[in-house]
Novice: 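If you scroll down you'll find the structure; I have some questions about it.
Each chain gets a letter, A, B and so on, in the order its sequence line appears, and its residues count up from 1. Worth knowing before you read on, the calculation uses all heavy atoms, side chains too, and leaves out hydrogens, waters and symmetry mates.
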2 protein chains.
Amino acid sequence: MATTTGRRSGTRQRILETCRELFNRRGTADITTAEIAAAVGINEGNLYYHFKRKEQILETLFAAFAAELREVAAADLAEGEAETRAARYFRGWFGLMWEWRFFYRDAMVVRRLAPGLQAELETLADEGQADLRRALRSMAANGLIVADDDELERMMVNAWIVATYWIDYLRMRHGVGDITRRHLDWGAWQLMGIFEPYLTAEGRRLLAAAGGVRPGPVPEVQA
Amino acid sequence: MATTTGRRSGTRQRILETCRELFNRRGTADITTAEIAAAVGINEGNLYYHFKRKEQILETLFAAFAAELREVAAADLAEGEAETRAARYFRGWFGLMWEWRFFYRDAMVVRRLAPGLQAELETLADEGQADLRRALRSMAANGLIVADDDELERMMVNAWIVATYWIDYLRMRHGVGDITRRHLDWGAWQLMGIFEPYLTAEGRRLLAAAGGVRPGPVPEVQA
DNA sequence: GTCTATAATGAGATAGAC
DNA sequence: GTCTATCTCATTATAGAC
């Protein structure tokens with residue numbers, strides 16, 4: 001309520017939001033404090049009032065990212081019919097990955113700029129893989145998919161890789177700057193390619209009914 | 001033969017080799033000219049005698065990388081039995097990707113440090129995807145795999161992503177610093193997971209006979 | 001070809017007035 | 001909270017002697 005809460009600086013939030021956009025658009029290594037200040041419309045000195053070190057900006061951004069990611073995972077577990085979960089889950093996941101893509105793409109740079117984040121980054125990835133593993137095992141237990149444990153694990157790893165690097169792939173190979181719903185659907189379709197051959201008739205039916213993965217092969221989607 | 005050929009500076013080669021190692025190990029953005037000179041065991045001034053700009057080092061390294069990559073692709077097409085090609089191809093590919101992993105991992109940084117490389121990077125990726133597409137189509141034509149064009153294309157994209165980011169995946173998720181043959185076999189096994197469900201009995205037999213992909217599920221391979 | 005300077009830049013960060 | 005002014009420092013790059 002009062003200014004003392006420290007939460008409502010306004011400027012502080014604008015700095016964070018501006019940084020997220022700048023990092024995403026131009027790369028984490030490329031953005032200087034001068035540029036941040038200019039983009040926010042404040043002075044560099046003021047920037048350092050809000051964040052004593054540049055590193056702190058990254059750390060604060062990461063905390064927000066992690067919270068959002070866990071929210072998506074939790075929401076998936078909490079609500080909805082089993083058959084629509086996968087589609088919603090992938091969409092939510094991809095959406096976040098796009099909003100915070102600099103964390104994926106500039107991992108090496110982030111590591112250098114904020115070494116303290118390393119441990120948390122690993123924890124988050126662990127959780128993501130565990131979520132995926134759980135989802136696949138649950139599908140197998142419910143007769144939607146037929147595969148032994150080794151195959152499930154291999155699928156999980158392949159799916160995690162494709163999902164994690166999908167955004168970077170779009171940018172690198174197709175020059176995609178502005179992602180659309182279509183790009184995310186395309187990613188979901190790619191992911192499905194990994195699971196589909198193992199689906200039972202029942203699994204196939206349920207996924208089709210969910211309507212989550214119907215874009216079919218996506219043609220040359222440029223930009 | 002004489003010193004005039006410009007090819008045999010010795011120091012020049014040592015600079016390039018040292019840079020490749022430093023970039024791989026510590027990240028392209030992290031390495032300064034001072035550090036390069038120190039690692040090579042020469043003075044910074046001398047470094048600038050051999051490469052007028054730091055950017056030139058990257059460009060020279062990239063030319064070597066591209067040449068090696070094309071050599072692997074060409075060798076695959078030229079020689080050997082069809083059934084052993086896939087395994088050899090993936091090994092050669094992964095091996096190179098490891099030796100030049102900084103080009104994959106620090107793509108964003110490389111782009112900034114040597115903008116002139118962008119076009120060539122894209123060409124190389126185009127060629128890689130085309131190679132993979134051709135290989136899959138040939139397998140389909142020879143009755144080793146059963147899939148329609150859309151499925152083949154989806155497989156190609158998934159395989160390209162897994163292959164391209166495999167090295168980075170090992171480092172990120174498993175802290176792998178020194179890659180072993182086992183890590184590369186593991187990657188080949190992951191790739192096979194994408195194709196395997198589509199193989200015919202004949203295709204399965206040939207791949208097994210090639211002995212290329214037999215590590216089975218790889219357990220916790222650490223470091 | 002290799003060295004010892006040294007310049008030139010540009011980044012992160014601070015002090016202190018308003 | 002915000003600004004102006006300034007500092008410190010690392011990094012790329014050059015000049016010129018050996």
Side-chain angles (χ1 to χ4, degrees), chain A residues 1-19 22-23 26-62 102 106 108-117, chain B residues 1-19 22-23 25-61 102 106 108-117:
Chain A
M1 295 72 173
T3 340
T4 347
T5 57
R7 256 285 156 252
R8 257 287 154 260
S9 156
T11 301
R12 188 187 152 90
Q13 274 311 116
R14 273 192 304 134
I15 292 169
L16 291 170
E17 186 53 26
T18 303
C19 281
L22 284 176
F23 292 166
R26 307 249 318 280
T28 313
D30 242 354
I31 306 301
T32 66
T33 50
E35 198 162 3
I36 296 169
V40 176
I42 62 173
N43 189 279
E44 227 177 317
N46 191 4
L47 179 65
Y48 276 89
Y49 166 80
H50 290 285
F51 296 93
K52 238 136 204 50
R53 337 215 126 258
K54 198 187 175 189
E55 181 181 350
Q56 276 188 6
I57 299 179
L58 267 179
E59 286 165 358
T60 309
L61 284 174
F62 183 80
F102 72 92
D106 306 333
M108 204 73 182
V109 173
V110 169
R111 187 183 204 166
R112 177 173 115 252
L113 263 42
L117 250 45
Chain B
M1 291 61 175
T3 341
T4 347
T5 57
R7 256 283 156 253
R8 259 286 154 261
S9 155
T11 301
R12 189 187 151 92
Q13 273 313 115
R14 274 193 302 135
I15 292 170
L16 290 171
E17 187 51 26
T18 304
C19 280
L22 285 176
F23 292 167
R25 200 161 66 236
R26 306 248 320 279
T28 314
D30 241 354
I31 306 300
T32 67
T33 50
E35 199 163 1
I36 295 169
V40 176
I42 61 173
N43 188 278
E44 228 177 316
N46 191 4
L47 179 66
Y48 276 91
Y49 166 80
H50 290 285
F51 296 94
K52 218 112 211 83
R53 339 215 124 259
K54 197 187 176 189
E55 181 181 350
Q56 274 188 7
I57 300 180
L58 267 179
E59 286 165 358
T60 309
L61 284 174
F102 71 92
D106 305 334
M108 205 71 181
V109 173
V110 169
R111 187 184 204 164
R112 175 173 115 253
L113 262 42
L117 251 46

Novice: Taking only residues two or more places apart in sequence, or in another chain, which ones meet Glu59(A) in a side-chain hydrogen bond (donor to acceptor under 3.5 Å, both in side chains)?
Specialist: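 So Glu59(A) forms no side-chain hydrogen bond (donor to acceptor under 3.5 Å, both in side chains) with any residue.
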
Novice: Please state how far atom CZ in Phe51(A) lies from atom P in dT2(D), giving the value in whole angstrom units.
Specialist: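 For the pair Phe51(A) CZ and dT2(D) P, the rounded distance is 12 Å.
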
Novice: Please report, rounded to the nearest Å, how far the P atom of dT2(D) is from the CD1 atom of Ile42(A).
Specialist: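 Nearest whole value for this atom pair: 7 Å.
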
Novice: Answer whether the closest heavy-atom distance between the side chains of Ile42(B) and Thr11(B) falls below 4.5 Å.
Specialist: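 Yes, close enough: below the 4.5 Å cut-off.
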
Novice: OP1 or OP2 of dT2(D) versus the side-chain N and O atoms of Asn43(A): is any pair under 4.0 Å?
Specialist: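 The answer is no; no side-chain N or O of Asn43(A) sits under 4.0 Å from OP1 or OP2.
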
Novice: Identify all pairs in which a protein N or O lies below 3.5 Å from an N or O of nucleotides 8-15 of chain C, and state each distance.
Specialist:
residue : atom : partner  : partner atom : Å
dG12(C) : OP1  : Lys54(A) : NZ           : 2.7
dG12(C) : OP2  : Thr33(A) : N            : 2.8
dG12(C) : OP2  : Thr33(A) : OG1          : 2.7
dA13(C) : OP1  : Arg53(A) : NH1          : 2.9
dA13(C) : OP2  : Tyr48(A) : OH           : 3.4
dA13(C) : OP2  : Lys54(A) : N            : 3.0
dT14(C) : OP1  : Arg53(A) : NH2          : 3.4

Novice: Specify the separation, in whole Å, of atom CG of Leu47(B) and atom C1' of dT14(D).
Specialist: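 Checked: the CG to C1' distance equals 13 Å.
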
Novice: Side chains of Val110(A) and Phe23(A), heavy atoms from C-beta outward: is any pair under 4.5 Å?
Specialist: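 Answer no - side chains too far apart.
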
Novice: I want to check something: taking the side chain as every heavy atom from C-beta on, are Thr33(B) and Phe51(B) in contact at a cut-off of under 4.5 Å?
Specialist: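 Side-chain contact under 4.5 Å: no.
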
Novice: With the side chain counted from C-beta on, respond yes when Val109(B) and Phe102(B) share a heavy-atom pair under 4.5 Å apart, and no when they do not.
Specialist: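 Val109(B) vs Phe102(B): side chains apart.
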
Novice: Taking 4.0 Å as the cut-off, does a side-chain nitrogen or oxygen of Tyr49(B) come that near to OP1 or OP2 on dT2(C)?
Specialist: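 No.
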
Novice: Quick one: His50(B) NE2 to dA13(D) P, roughly how many Å, whole number?
Specialist: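 Value for this atom pair: 16 Å.
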
Novice: Quick check for you: to the nearest 0.5 Å, what is the distance between Ile57(B) atom CD1 and Ile31(B) atom CD1?
Specialist: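 If I round to the nearest 0.5 Å, the distance is 11.0 Å.
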
